[in-house]
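The next block holds one structure in the form of C-alpha cells; read it before the comments.
Computed from heavy atoms alone, side chains included, the values below leave out hydrogens, waters and symmetry copies. Just so you know, these numbers come straight off a predicted model, no measurement behind them. In this chain, numbering begins with 1 at the start of the sequence shown.
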Amino acid sequence: MAGYWAGYSEYRYGSERSVPTSRPILKGEQRKHVIDRVMDELRDWRSCHFEHQGACVTGLRSALCIQGYGWGRADFEANAIVSESLRKLGAKIPSWDEGQREYLIPRENCKWCSNPIPDEDRQGKRDPRYCSPVCAKAALQYRFAENQWWRHAKGWAAYRILDRLKQPERICAQCGRSFHIKRKGSEAEYCSQRCHQKSRRIIPERSCLECGTSFRPGSQRDIGLFCSVACRRQNEAAAKIEKRCDHCGELFKAKTAKARFCRKSHYLAYWKAQRTMEAKDKSSVVYLTPAVFDMFFLRAA
C-alpha cells in the first residue's frame, strides 16, 4: 500500500490475518428489511458512497450490543449488513489511502490548500502534510465538525433501524400497514406523519349518485358527486335527452334541453340559410319615398 500510511495495516494487524466468522443475527425478511433501510441512509452521500459507512456500522453495533449480543458478534454483523448494502448500491470498496480526501494531492503539496510546500520545510524532517499551522488547524476543525454532526446523525439513524425491530408491531389506523413503534410505551397509531395528517381531515362521507357507494372526497373544495370517473361518465351518458335536429331532422342525444342541432356543422348551415332568407326578404321591401308617394297617391287623387 503506497502513500503516507504505507505499512500501517501490516504493522497493526500483521501480514497474515485470519478472516473471522460468526453466525448471522438477523435472518430472512428481517435482515432484508434492515439492509433496505441502511441502503436508504448510505444513499444520501456528498463526497463518496462510503461517507457514512463508519457511522452506520457504529450505530448498528451499538443497537445489537444493547440488545444483549457480544461486541465481537455485533461488530461482525454490523459490518456484514453495511457491506451488503454497499454492494447492492454498486460501491466498490477502495483502499484506505484511496478513501482519503487528499488522495489525489501530491506529497509535495499541502493536503488542505493544495499549494506546494517550501523545500526548506521538507528537508531533514518527516514529510509534512500541511504548509502552515493555519491549514493544519482548518483541516482539523473541518473534520471535527463533519464527524460531530453529519456522521453522528447517520449513526443514530442506523441505531434506530434495529432499535425499532424489538418494539411491538402495530397496524396503522389509516392505511392498514404494519409498523414498529419508535420506543416502548409509545401510543402511536399511524405508521407515518402523512397517514396522521390524512386521518385529521374532517370530510364527511358521501354517496355516489350513480352506484350509491359511500366515499370520502379528496378535499373540502371537491364537489365529489361520484366515487370515480367511470361513474361520472356513465351518469352523463344516461342523462342525455333525445331530440330532433332543426337542420337535418334526425334524432340525437342532447346534453341539455336547449340543444337544437346534432352537430356544429348543422348549426352553422342552419343559421347561414336563415341569414340568406332574411337578406332576400329585405331586398323585396319597397320603401315609401316622396316619388313613390306621388306616383301611388297623388295620381289616384
Pairwise side-chain contact, [X] with [Y], heavy-atom cut-off 4.5 Å (strictly under):
X	Y	result
Leu42	Glu51	no
Gln53	Leu86	yes
Phe76	Trp71	no
Ile25	Leu64	yes
Cys248	His266	yes

Indicate the atoms forming the closest heavy-atom contact of [X] with [Y], along with that distance.
X	Y	result
Lys154	Ala55	CB-CB, 4.2 Å
Leu60	Ala158	CD2-O, 3.4 Å
Pro106	Lys111	O-NZ, 3.5 Å
Cys110	Cys131	SG-N, 3.4 Å
Cys262	Cys245	N-SG, 3.6 Å
Gly176	Ile171	O-CG2, 3.5 Å

With sequence neighbours left out, write down each residue that passes ring pair (Phe, Tyr, Trp, His ring centres under 6.0 Å) with [X], or none if nothing qualifies.
X	result
His180	none
Phe226	none
Tyr190	His196

Pairs of donor and acceptor atoms involving the side chains of residues 30-39, under 3.5 Å and at least two apart or interchain, shall be tabulated with distances.
unit_1, atom_1, unit_2, atom_2, d
Arg31, NH1, Leu26, O, 3.1
Arg31, NH1, Glu77, OE2, 2.5

As an exercise, state the distance from [atom1] of [X] to [atom2] of [Y], rounded to the nearest 0.5 Å.
X	Y	atom1	atom2	value
Ser62	Asp163	OG	CG	11.0 Å
Cys135	Lys137	SG	NZ	12.5 Å
Thr276	Trp271	OG1	CH2	12.5 Å
Asn79	Cys56	CG	SG	11.5 Å
Ser85	Glu41	OG	CD	10.5 Å

In this structure, would [X] and [Y] fall into the same cluster of hydrophobic residues linked by side-chain contacts under 4.5 Å?
X	Y	answer
Leu165	Val82	yes
Ile161	Leu89	yes
Tyr130	Ile117	no
Trp112	Val134	no

Gln67 atom CD, neighbour heavy-atom count above 12 within 6.0 Å =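 Counting other residues, nucleotides and ligands, CD of Gln67 exceeds 12 neighbours.
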Step through the shown structure and confirm whether more than 12 heavy atoms of other residues, nucleotides or ligands are within 6.0 Å of OH on Tyr267.
->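 No - once you tally the heavy atoms of other residues, nucleotides and ligands closer than 6.0 Å, there are 12 at most.
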Side-chain donor or acceptor of Arg244 paired with backbone N/O of Leu251 under 3.5 Å = no
Residue pairs passing the side chain to side chain donor-acceptor pair (under 3.5 Å) test with at least one member in residues 169-178, sequence neighbours excluded, are Glu169-Ser178
Please determine if Arg43 and Asp40 form a salt bridge, counting it only when a charged side-chain N lies under 4.0 Å from a carboxylate O.
->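 Judged by the 4.0 Å cut-off on N to carboxylate O distance, Arg43 and Asp40 do form a salt bridge.
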Test salt bridge (charged side-chain N to carboxylate O under 4.0 Å, His left out) applied to Arg260 - qualifying residues, sequence neighbours left out | Asp246
Describe, in one word, how the ring planes of His247 and Tyr270 are oriented to each other, choosing from parallel (under 30°), tilted (30 to 60°) and perpendicular (over 60°).
-> perpendicular
